[in-house]
There are 2 protein chains.
Amino acid sequence: MQLELSVDRGSPVPLYFQLSQQLESAIEHGVLTPGTLLGNEIELAARLGLSRPTVRQAIQSLVDKGLLVRRRGVGTQVVHSRVKRPLELSSLYDDLETAGQRPSTKVLVNTLVAASAEVAAALGVAEDSEVHQLERLRCTHGEPMAYLCNYLPPGLLDLDTGQLEATGLYRLMRAAGITLHSARQTIGARAATAAEAERLGERSGAPLLTMERVTFDDTGRAVEFGTHTYRPSRYSFEFQLLVRP
Amino acid sequence: MQLELSVDRGSPVPLYFQLSQQLESAIEHGVLTPGTLLGNEIELAARLGLSRPTVRQAIQSLVDKGLLVRRRGVGTQVVHSRVKRPLELSSLYDDLETAGQRPSTKVLVNTLVAASAEVAAALGVAEDSEVHQLERLRCTHGEPMAYLCNYLPPGLLDLDTGQLEATGLYRLMRAAGITLHSARQTIGARAATAAEAERLGERSGAPLLTMERVTFDDTGRAVEFGTHTYRPSRYSFEFQLLVRP
DNA sequence: CAGTGGTCTAGACCACTGA
DNA sequence: CAGTGGTCTAGACCACTGA
């Protein structure tokens with residue numbers, strides 16, 4: 001079976017990207033079945049009228065995504081397991097929306113406060129300096145699912161309550177021109193305090209899933225510090241990991 | 001300040017790797033401070049007597065690790081925030097050992113059983129076919145920390161109780177020539193059952209952190225299915241995420 | 001405008017794999 | 001042994017950034 005591949009040199013889309021997109025879609029649609037050998041890079045390059053480095057760049061991006069495996073002396077194969085997207089720095093709001101859960105958000109606190117020692121350390125600002133404080137209740141199907149507390153450095157973003165109820169925080173940040181780069185997360189569990197139980201509709205002492213996160217932009221500035229609690233019956237963290245070679 | 005970089009063409013270590021190692025160590029030791037511009041690729045290549053693609057390959061690997069940021073028209077900069085290693089498919093045993101926690105393992109079950117529907121689906125074997133079952137209690141400082149239940153397909157690995165108590169499962173797999181490729185994980189929380197509480201030294205109904213995982217090798221075969229429970233007072237998941245560009 | 005990284009070519013030699 | 005991916009060279013032209 002010969003896979004139909006072609007590139008358009010008139011397109012502004014890079015050639016390696018055109019190729020990797022076609023391969024990815026062929027894998028996702030089952031045209032390239034698991035275990036298939038791709039054919040060697042030099043022949044593939046000749047067939048497409050591309051240079052070998054360009055073909056390698058396309059293949060490499062799919063290896064990085066976990067869709068292909070390369071073995072010296074053997075060839076490049078489509079991975080057998082259905083690899084979903086590896087873990088990304090994703091927005092809870094976007095994840096829920098993608099899953100068709102129709103999330104809703106209620107902003108309970110949106111104000112400026114003096115940074116506590118913990119918040120100041122996380123955001124890298126002076127203690128007692130002003131920071132934004134945000135508390136939101138996220139529901140799906142009208143039921144509370146998570147309670148989100150966030151702190152943001154001042155002057156970064158217009159935090160409009162209306163917008164915060166219509167979309168997620170990460171999307172607002174990106175729209176404000178902030179380039180998210182990395183985040184440090186801690187996921188744990190503990191018993192709900194009376195106040196937490198009340199907010200989430202659980203009983204006091206019930207198990208809660210917790211997440212603490214500091215997000216950085218590409219200049220290394222902390223742009224957000226959040227402490228979130230989730231109802232474990234309604235939410236868990238699910239992700240794909242790739243072993244780095 | 002001029003950073004001292006040099007490559008040894010007599011070494012079997014690839015040139016791009018020699019360079020990326022030197023840059024990484026300079027960043028980790030603070031010789032290259034956050035925000036520093038690396039100097040353009042062409043000049044860097046000339047200085048080292050390398051071609052530009054080789055220099056790019058070195059830089060790219062550090063961009064992938066989150067240590068450098070590239071901006072067209074601007075240059076390549078050392079990231080400001082201390083980025084630790086991004087999330088890897090790591091072994092709990094290795095993580096604890098690295099943290100100086102001196103983990104110990106007690107094997108409670110090491111036997112062959114008929115696969116339940118859940119286990120069969122996870123491992124991709126027939127229901128009721130024979131699989132290895134493993135139950136281990138992991139302690140640090142003599143205190144229980146996690147209870148690990150694992151299932152493995154038959155014939156993959158010699159599961160020696162002595163070795164299992166001396167090291168981690170992933171290390172045994174790698175030693176057996178298995179190339180780990182990816183894993184699908186779910187992290188959640190729930191209340192401890194009476195049996196679970198007993199095993200971990202908690203009270204019944206106490207919150208537990210849970211992890212479910214299927215690990216695949218590079219041929220796409222499921223090599224392990226695990227359901228783990230952790231005492232949240234003694235363990236949490238901590239990791240760094242990078243935003244994929 | 002000058003300077004940067006992004007993309008691309010057309011080769012070369014090598015190490016490793018499996019028959 | 002033939003076939004594969006891994007590494008490397010010495011260029012080229014382009015798009016984007018910021019002064």
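Proteins come first, then strands; the chains are lettered A, B, ... in the order of their sequence lines, and each starts at number 1.
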Would you classify [X] as touching base, sugar-phosphate or nothing, given that sugar-phosphate means primed atoms plus P, OP1 and OP2, and contacts are heavy atoms under 4.0 Å?
X     : value
B/I42 : nothing
B/R71 : sugar-phosphate
B/R56 : base
B/P14 : sugar-phosphate

Between [X] (side chain) and [Y] (backbone), is there a donor-acceptor pair under 3.5 Å?
X      : Y      : value
A/D217 : A/V223 : no
A/E97  : A/P103 : no
B/Q185 : B/M211 : no
A/E130 : A/P154 : no
A/Q77  : A/G35  : yes

Note, B/Y151 side chain near B/L123 side chain (heavy atom, < 4.5 Å): yes
Are any of the side-chain heavy atoms of B/T76 and B/L44 separated by less than 4.5 Å? no
Between B/V55 and A/T76, which has a closest nucleotide on DNA chain D that is more 5'? A/T76
Need to verify one output field. Residue with the more 5' nearest nucleotide on DNA chain C, A/G73 or A/R9? A/R9
Terminal contacting nucleotides, 5' and 3', DNA chain D versus chain B (heavy atom, 4.0 Å): D/dT7 to D/dT17
For DNA chain D, what dot-bracket results from Watson-Crick or G-U pairs at under 3.5 Å, with [ ] for crossers and | for inter-strand partners? ||||||||||||||||||.
Going by atom type alone, with no hydrogens or angles, which donor-acceptor pairs under 3.5 Å involve a side-chain atom of residues 68-75 of chain A and a protein atom two or more places apart or on another chain?
unit_1 : atom_1 : unit_2 : atom_2 : d
A/R70  : NH1    : A/E41  : OE2    : 3.2
A/R70  : NH2    : A/Q60  : OE1    : 2.1
A/R71  : NH1    : B/D218 : OD2    : 3.4

